[in-house]
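Counting starts at 1 for both ligands and their atoms, following the listed order. Just so it is clear, the model here is predicted, and its values are computed rather than measured. Below, each value reflects all heavy atoms present in this structure, side chains not excepted, and no hydrogens, waters or symmetry copies.
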Amino acid sequence: MTWAAREHHRFEAAGKPFVYLVPSAAIFELDQTADRVLRALALRPATREELRGTDLPGGTDLPGGTVPDIDAALAELARVQAIGELHVPAPVTQKIIPLAPFPLTTMVLNVTNQCNLSCEYCYEYGEDKIVDTENGKQPKFMSEETARESVDFMLRESGDNQVAHVTFFGGETLLNFPVLKKTIQYARQRGAELGKDVDFSLTTNATLLKPDVIEFLADERVGVTISIDGPKEVQDKFRVFQNGTGSYDLIAPKIKELLKRHRSRPISARVTITSGMMDVKRIFQHLTEDIGFWEVGFAPVTTSPNRKHALSDAGYDEMLGQFTALAYEFLEASVQNRHHGFSNVKETLEELHKGVSKAFPCGAGLGLLGVATDGDVALCHRFAGSDSHRLGTVRDGIDRDAQRTFLESHHIADKTDCSKCWARPLCSGGCYHEAHTRYGDTQRPNLHYCDWIRGWTDVCLKIYGELAVRNPAFLAQFDDEPVKEPVS
Ligand code: SF4
Ligand code: SF4
């Protein structure tokens, strides 16, 4: 019998070899013989007899193993499907489309498409926008009635889920605070009547965090994410008012007030990385130590490549270097059971721990939908209001045919560029909005950032392996947590 390696990614952590098995998204620590056998088979298929010999493919630097050791390694590697018989085809990704109707877990409600800031890189207002929020057909603010209809829609579509998640988004969300407030009251009341809990969160630029707003958010236990880019000189580079004035001096004290008063839920910062503004460690330190955020997440700017703030290939490499340094800081804190707020690494560790293997890059169009100010339902908040990405309305419900057509045409099985990529269980081609902005097509995989995705996934696998060896209890925290859908 001739053995061949199946699709995998080998890595080392804490001085030990590990393997990430792509079809199953499982992670295993290897003993020396299993590592030697797998490395040999990764170079070329071989028989058991060849593997026992000294002329193993892969060279003599590989440590040897006894005959029983090699037989045991082959049996174990075959059991976990790290290897298979050469002539038995490896399993291919099945194109399974979830049967509708499946429950809606998160509704992102764009309560306004207007903003009081004028950030040059913003996907909603800049040159890359897909919805005309100034002169288009969408109202600038969601009405109270549409917000109520949206809540009814959410509760109806949440199926048997006990908890419905509502995220308020904009524009600047707090420009429509009166409707947001009434929506929360209405949703709590309707949820209670139906025996469901409704969880609320919002994203804001923090400019309108007045004392009464802070009181309300704290009293109602609303999860808050603040869009902020870092210290004054970084924040004020792009996050400016229409007259060009920076926003840092206005928002910093407001955020501190919020953090002082709102203690029931962790408050996070969300940073947009642009070219020339990627001193990740310094930004992280400022936001956690000087401002006091519990968690900070970073995302590269979504933009077409010719904008001056777009990340180049070298920019992605630099970002990876910065992320790696911060991820190892996260590791050392986690080994000592100290909190570290770098949320990018924590979210990826959680997905790795749970063996997440995605047929679609995110929940958009599936368990997550965005609602535009007029009640049109779209893939997610970034497409809300776009006729070409419409999936129904809150009044008429989800257009199941449109939803199915979308899912049929966006499955990972059809992304041939991704079919040989070991990072596809987590990436699955990447964000549809990014693809739309880059290539004008949500179906296209985001091939411009593959090196970054694979590099970052490799770093997170190494951190995972280190934690598995040095503090496995840290990873156990993910056992019972449902995977959350990040909204950015
Ligand atoms: S987009 Fe690139 S990194 Fe992502 S799955 Fe496809 S090939 Fe891999
Ligand atoms: S990853 Fe992209 S497509 Fe998916 S929900 Fe986020 S912004 Fe929308």
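- Remark: among candidates G363, P361, A299, C431, the nearest residue to atom 2 (Fe) of ligand 2 is C431, based on non-hydrogen atoms.
- Under 4.0 angstrom from ligand 1, there are no non-hydrogen atoms of I412.
- Atom 6 (Fe) of ligand 1 has as its closest protein heavy atom C418 SG, 2.3 Å.
- The distance from atom 8 (Fe) of ligand 1 to the nearest N/O/S atom of C421 is under 2.8 Å.
- Taking atom 4 (Fe) of ligand 1 as the reference point, the nearest protein heavy-atom neighbour is C427 SG, 2.3 Å.
- Looking at heavy atoms from C-beta onward, D387 lies in side-chain contact with D376 at the 4.5 angstrom threshold.
- Nearest to atom 1 (S) of ligand 1 among the protein's heavy atoms is G429 CA, 3.6 Å.
- In the vicinity of C362, heavy-atom distances shorter than 4.0 Å reach the ligand 2 atoms 1 (S), 3 (S), 4 (Fe), 5 (S).
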- Task: Using the side-chain hydrogen bond (donor to acceptor under 3.5 Å, both in side chains) rule, take S143 and T146 through it: C-alpha gap first, then chi angles, then the decisive distance, then the call.
- Result: CA-CA 5 Å; S143 68; T146 301; 3.0 Å; yes
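- Between Y449 and D451, the closest side-chain pair of non-hydrogen atoms is not below 4.5 Å.
- Between V22 and R424 the shortest heavy-atom distance is CG1-NH1, 3.6 Å.
- Taking both residues in full, the closest heavy atoms of E466 and A13 are given as N-CB, 3.5 Å, listed atom of the first, atom of the second, then distance.
- At a heavy-atom distance under 4.0 Å, no atom of K415 approaches ligand 1.
- Short contacts between ligand 2 and C380, defined as distances under 4.0 Å to a heavy atom of the residue, involve ligand atoms 3 (S), 5 (S), 7 (S), 8 (Fe).
- Side-chain contact between K140 and N113: present, with at least one pair of heavy atoms (C-beta onward) separated by less than 4.5 Å.
- Heavy-atom contacts of Y432 reach the following atoms of ligand 2: 3 (S) (cutoff under 4.0 Å).
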